[in-house]
Amino acid sequence: MAHRAHGPPAGGRGRARADQLRRRLRRGRPQRRPPAGRGGAPGLEVLVEVDSGHHRSGVAPAAAPDVAEAARAGGLRIAGVFTFPGHSYAPGAAAEVARQEREALNDAAERLEAAGFDVARRSGGSTPSALLTEPCGATEIRPGVYVFGDAQQVELGRCAPEDVALTVWSTVVSRHEDPEGPEGSRRVVLDAGTKTLGGDRPAWASGYGRLAEHPGARISALSEHHATVLWPEGEELPTLGTRLRVIPNHVCLVPNLVDEVLVDAGAEGLLTWRVAARGRNG
């Protein structure tokens, strides 16, 4: 599970269900020394988070036994270690990051075992590095973007445009073409902006997204409700009202920004699914 799980609203049945899910999911959380006199949830399984080079959260592998001891003192049961190798999101970085992930997980696991802990799980994985994970490292992986794919993964070479499973339908609402104008004179404007696509763009990305049927086009700018698309030379500029499928840069943001998604169910036609986690970011 790549992202936080959110339980139902507070209430008798809601609290009971949330407690049940927490135990079934056995979610890993970084554990620090608990405040004096405060115990943890007895018997709850946790994983110790280690930093494998992303430097976002987690402790150095050498510190894993101290964190585990503190967690155990709080009544928690150590099930293993986990990490997030998020620095794999860069051109050519995946192989080296996969190596760093493997070394960090194994280093922390060995230190925990030497301290008397049973390490059943070594959890890692990111979408760019998932296929490079070796059995001698992580015992499970938690890539998230791989479910749909997105423009970042296309640009990193981890998938092809036709592999992307989630796109955003948009409409051409403006078009500009000046054969004598400077670069960028051939462009269209779509009615999808940051409130639908999100605004992520890493420094190495060539734009804010791609168009599924026009790989040479690039989204050069986003505002709240619009996307500016630079149109490639040699391709006819689409007319007003044309529907285009946008591949977002970071697909994880999109389901969080809409209430419903349309699902192509083949012979069953298009189905409408409600986004169950909509509005549950808190």
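Checking R122 against T139 by side-chain atom types alone, no donor-acceptor pair falls below 3.5 Å. In this structure, a donor-acceptor pair under 3.5 Å is absent between the side chains of T83 and E49. Between the side chains of S174 and H176, at least one donor N or O sits under 3.5 Å from an acceptor N or O.
Here the CD-CG distance, from Q100 to D51, works out to 9.5 Å after rounding to the nearest 0.5 Å. Between atom CG of residue N256 and atom CZ of residue R278 there is a gap of 7.0 Å, rounded to the nearest 0.5 Å.
Classification of E155 and R210 as a salt-bridged pair holds, one side-chain N sitting under 4.0 Å from a carboxylate O.
Considering every non-hydrogen atom in both L105 and S123, the closest pair reads CD2-O, 3.7 Å. The two residues H226 and V173 come nearest to each other via the heavy atoms CD2-CG2, 4.0 Å.
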*Steps toward side-chain contact (heavy atoms from CB on, under 4.5 Å) verdict (R142, F84)*: CA-CA 8 Å; R142 312 180 319 278; F84 174 58; 4.2 Å; yes
_R72 and R77: CA distance, side-chain angles, deciding distance, side-chain contact (heavy atoms from CB on, under 4.5 Å) verdict_ = CA-CA 6 Å; R72 182 162 62 183; R77 185 161 70 87; over 6 Å; no
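The local environment of OH in Y146 is sparse, with at most 12 non-hydrogen atoms from other residues, nucleotides or ligands closer than 6.0 Å. Enclosure of atom CD in E162 by more than 12 non-hydrogen atoms of other residues, nucleotides or ligands within 6.0 angstrom is indicated. Surrounding CH2 of W169 are more than 12 heavy atoms belonging to other residues, nucleotides or ligands, all under 6.0 Å away.
The ring-ring contact (aromatic ring centres under 6.0 Å, His included) pairs that include a residue from residues 198-218 are H214-W231, where partners are two or more places apart or lie in different chains.
Side chain of S126 to main chain of S88: no donor-acceptor pair is present (N/O by atom type, distance under 3.5 Å, no hydrogens or angles). Of the possible donor and acceptor atoms, one in the side chain of N106 sits under 3.5 Å from a partner among the backbone N and O of C136.
Side-chain contact between L244 and V172 is present, with heavy atoms from C-beta onward closer than 4.5 Å. Looking at V145 and C252, their side chains come closer than 4.5 Å, going by heavy atoms from C-beta outward.
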